[in-house]
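Naming convention: chains lettered A, B, ... in sequence-line order (proteins, then strands); numbering from 1 in each chain.
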Number of protein chains: 2
Amino acid sequence: MPVAAQHHDISPAIPVSMRHHLRVVGSGIAAENTCERCALNAICVPEGLADSERQEFTSLIFQHKRLRAGETLFHAGEPFTHLYFVKTGSFKTVVLLDDGREQVTGFHFAGDALGIDAISSPSHPSEAVALADAHVCAIPFASLTRLSRRVEHLQSYVQRLLAREVVRDQGLMLLLGRMHAEERVAAFLMNLSSRFRARGYSAHEFTLSMAREDIGNYLGLTLETVSRCFSRLKNTGVLDVDNRRIRILNIETLQTAVGGMERATGRKTRTVGR
Amino acid sequence: MPVAAQHHDISPAIPVSMRHHLRVVGSGIAAENTCERCALNAICVPEGLADSERQEFTSLIFQHKRLRAGETLFHAGEPFTHLYFVKTGSFKTVVLLDDGREQVTGFHFAGDALGIDAISSPSHPSEAVALADAHVCAIPFASLTRLSRRVEHLQSYVQRLLAREVVRDQGLMLLLGRMHAEERVAAFLMNLSSRFRARGYSAHEFTLSMAREDIGNYLGLTLETVSRCFSRLKNTGVLDVDNRRIRILNIETLQTAVGGMERATGRKTRTVGR
DNA sequence: CGAAAACTTGATGGGGCTCAATGCTTGTGG
DNA sequence: CCACAAGCATTGAGCCCCATCAAGTTTTCG
C-alpha cells in the first residue's frame, strides 16, 4: 500500500512536491530514521540545535507507527511512554467524562504533536483517534527528558509544546464559552484555513477529515447545527460546501463572522456574549 | 494595615493558626525572604530539592506584591517577566476576544501560580485581576530558567506546572462543551470545595470571593442563570446560599448533580450532551 | 448492489438568554 | 448616623437559539 493519499484518504496529505521525502521502507514499523529528509523536519525538530544534537534528537525516534482510519493511537488511562508526531493523516483527541460523555479537544495534522497533555502524568488523560489512515513518529519521552538535561534547547522545546497547548486551549474555552453557533463554525474554518496555509496547502480549498459529529462535539454543538451553519454560510455565498469538500469564497466575511458583528439577517442585535 | 483578613476580605484567608507565618515587614514590597516560614511552603516550593537548592529557589523571590481588590496583577499583552504565587487573597484570570468579549479561565487561591500561560510567550495572553485584597510572591522567570539548568528538579517543576494547567483546561472544556447549567454550577462548587479542603479549610462551608457575573462568565452562563441554579440547589436542600456564603448540606447529591443523572424534577430525560 | 454510515432538512419544544423590576449590601458624604 | 448612591443578587416574563426527534437523501464500503 503506497503512503500517498488514497481515494478515501481525505486528510490533507503532504503536497505532491514533497511526498517523495516521506517514503517509508517496508510496511508497519520502519527502523530507518528519515527525519533529515522528512518534509516536516522544520516543524517537529527543535531549532537551534547543533548538528550532533539534532542527530541525537532524531535518533530518539525509533518507531514509525501506522494507523488505519478509526484506530486509536492511545487510550485515556494508558501509561504515558511516547510523544508522537503526526507524519501523515489526521487525528482527533478526546477527553472523557465518567458518565460516558466525550469532548473532542482538538484536531491534529501533519507536524502536530500528540500526547502533550500526558506530560508529568503517569497516564494519558485523553485519547487520540486517527480520522484517516495515518502515520506517526514516536519519541520515548523518558529518553527525550534524559537528553534534554544535556541539550539546553530541548528543555525549552518541551516547555514550548506545553505552553502552546495551554494557549490553544484558552482559545477553545473562549469559543465554547462566549460564541454563537455560527461564530464557532466560522472560527473553526478560519483555524483550519490558517493551519493548512502554514503547511503549504491552500487556505481557501480543503477537505475535512472529520465527520460533522466530531466537529459538533469539538464546538459544543450538535451535528445538525453544524450542518445547518454550513448550509447557511453556503447560501450567503461565503462558502461552497460539498460534503467534506470546503471552498472558502469570501474569507473576509468569514473572518467577520467570527468576531461579534450583528447577524446577517436583520434580526435584533443581541448583546452578544451570554 | 494588617495583613490579616479585613471585614471586606471575603477570600479564603490563611487559617488563623498559620497567619503569623505570613507577617510581612513594612508595607508594599518586602525584601526579606520568608518562604521557609511561609505556610504555603509545601505548595509553592518544589519537592526533592537539596537544602542549598531549596534556598536558591526561594532566594529568587525578591518581590512581595500587594494588590487591592479589583487591581490587576498583569494585563494581556504585557511583557512576561515574572511567575507569581498567590500568598493571600484570590484572583481571576481572563482571556479577551478582539471585540471585547471576555472569558474567565480560572480562579486562583493561596498557593496557586499565576502567569503560567505566558511561559514561552513574549507577553501574557491573559490578565489576572485580584478579587479581594491580595498578596503575591514574584519569581523572575528568567532567573528560574537559569537556575533550572543546574537544578534538575526545577526543570520538571515548571513542566509540571504547565502540564497541570493543560489538564485543568481540558476539564473546563468538558464543562463548557458538554454540561448543563446546573451541572456546571455543581461542578464549580465541588471544585472549590475540594480545593479548600486541600488547603485546610472547610470543604462544606466557605465564602465566594467572586461575583455571580464572574462565575457565570467562567461557566459560560449568565449571572441570572447562576443565581437561579443556586436558588434551585437551595430549594432542594443541597445547599444553603446566603449571598456569597455557601454551605454544602448534601455533598453526595451535589456530586451526582455533576455527573449525568436525570434531573431532580421529573422531567423527560434528555440524551444529555448536546 | 445493498446495507450502513454520514449528511441534510424540517418541525417542535425547551433551556437558558434577555429585559426588567425589586431587594439587599456596601461605601460615601452631609 | 442616616440618607443616598452604586453595585450586587434575586426573581419573573417572554422569547430565541439550538437540541431533539424524525424523515429523506447521499456517500461509503463490504
(message) Reading DNA chain D from 5' onward, which residue's closest nucleotide shows up sooner: A/Thr225 or B/Phe230?
(response) B/Phe230
(message) Classify the ring geometry of A/Phe107 against A/Phe188: parallel below 30°, tilted from 30° to 60°, perpendicular beyond 60°.
(response) perpendicular
(request) Using side chain to side chain donor-acceptor pair (under 3.5 Å) as the criterion, list what pairs up with B/His75, not counting sequence neighbours. (result) B/Glu78
(request) Would you mind reading off the distance between A/Glu224 atom CD and C/dT8 atom P, rounded to a whole angstrom? (result) 11 Å
(request) Using atom CG of A/Leu208 as one end and atom C1' of D/dT27 as the other, report the distance to the nearest whole Å. (result) 15 Å
(message) Looking at A/Arg68, is its backbone amide N or carbonyl O close enough to the side chain of A/Glu71 to form a donor-acceptor pair, meaning the two atoms are under 3.5 Å apart?
(response) yes
(request) Report the distance from atom CG of A/Asn235 to atom P of C/dT8, rounded to the nearest whole Å. (result) 12 Å
(message) Side chain of B/Arg228 only, heavy atoms from C-beta on: which candidate in D/dA19, C/dC17, C/dG10 is closest?
(response) C/dC17
(request) Give the rounded distance in Å between these two atoms: CG of B/Leu233 and P of D/dT11. (result) 13 Å
(request) Scan side-chain atoms only and decide if A/Thr225 and A/Thr222 contain a donor-acceptor pair under the 3.5 Å cut-off. (result) yes
(request) Quickly work out the B/Ile215 CD1 to D/dT10 P distance and round it to whole Å. (result) 9 Å
(request) Using the six-membered ring wherever Trp is involved, compare the ring planes of A/His135 and A/His64 and label them parallel, tilted or perpendicular (cut-offs 30° and 60°). (result) perpendicular
Just the table, please: protein N/O against nucleotides 4-7 of chain C N/O, every pair under 3.5 Å.
from: C/dC7; atom 1: OP1; to: A/Arg244; atom 2: NE; distance (Å): 2.8
from: C/dC7; atom 1: OP1; to: A/Arg244; atom 2: NH2; distance (Å): 3.2
from: C/dC7; atom 1: OP2; to: A/Arg212; atom 2: N; distance (Å): 3.0

(message) Can you measure B/Leu219 atom CG to C/dC17 atom P for me and round it to whole angstrom units?
(response) 11 Å
(request) Give the nucleotide from the list D/dT20, C/dA20, D/dC18 with an atom nearest to the side chain of A/Thr222. (result) D/dT20
(message) What's the angle between the local helix axes at either end of the helix from C/dC1-D/dG30 to C/dG30-D/dC1, using five pairs per end and rounding to 10 degrees?
(response) 40°
(request) In whole angstrom, give the distance that lies between atom CZ of A/Arg178 and atom P of D/dC17. (result) 17 Å
(request) Please identify each residue that fulfils side chain to side chain donor-acceptor pair (under 3.5 Å) with A/Ser227, with sequence neighbours left out. (result) none
(request) Round to the nearest Å and state the distance from A/Glu183 atom CD to D/dC17 atom C1'. (result) 13 Å
(request) Would you check if the side chain of B/Thr105 reaches a backbone N or O of B/Thr93 as a donor-acceptor pair within less than 3.5 Å? (result) yes
(request) Output all residues satisfying ring pair (Phe, Tyr, Trp, His ring centres under 6.0 Å) with A/Phe206, sequence neighbours left out; order by chain, then residue number. (result) A/Phe196
(message) Between the base of D/dC18 and the side chain of A/Glu182, is there a donor and acceptor pair under 3.5 angstrom?
(response) no
(request) May I ask you to verify if any side-chain N or O of A/His180 is less than 4.0 angstrom from the OP1 or OP2 atom of D/dC17? (result) no
(request) Report the residues that fulfil salt bridge (charged side-chain N to carboxylate O under 4.0 Å, His left out) with A/Glu224, sequence neighbours left out, ordered by chain and then residue number. (result) none
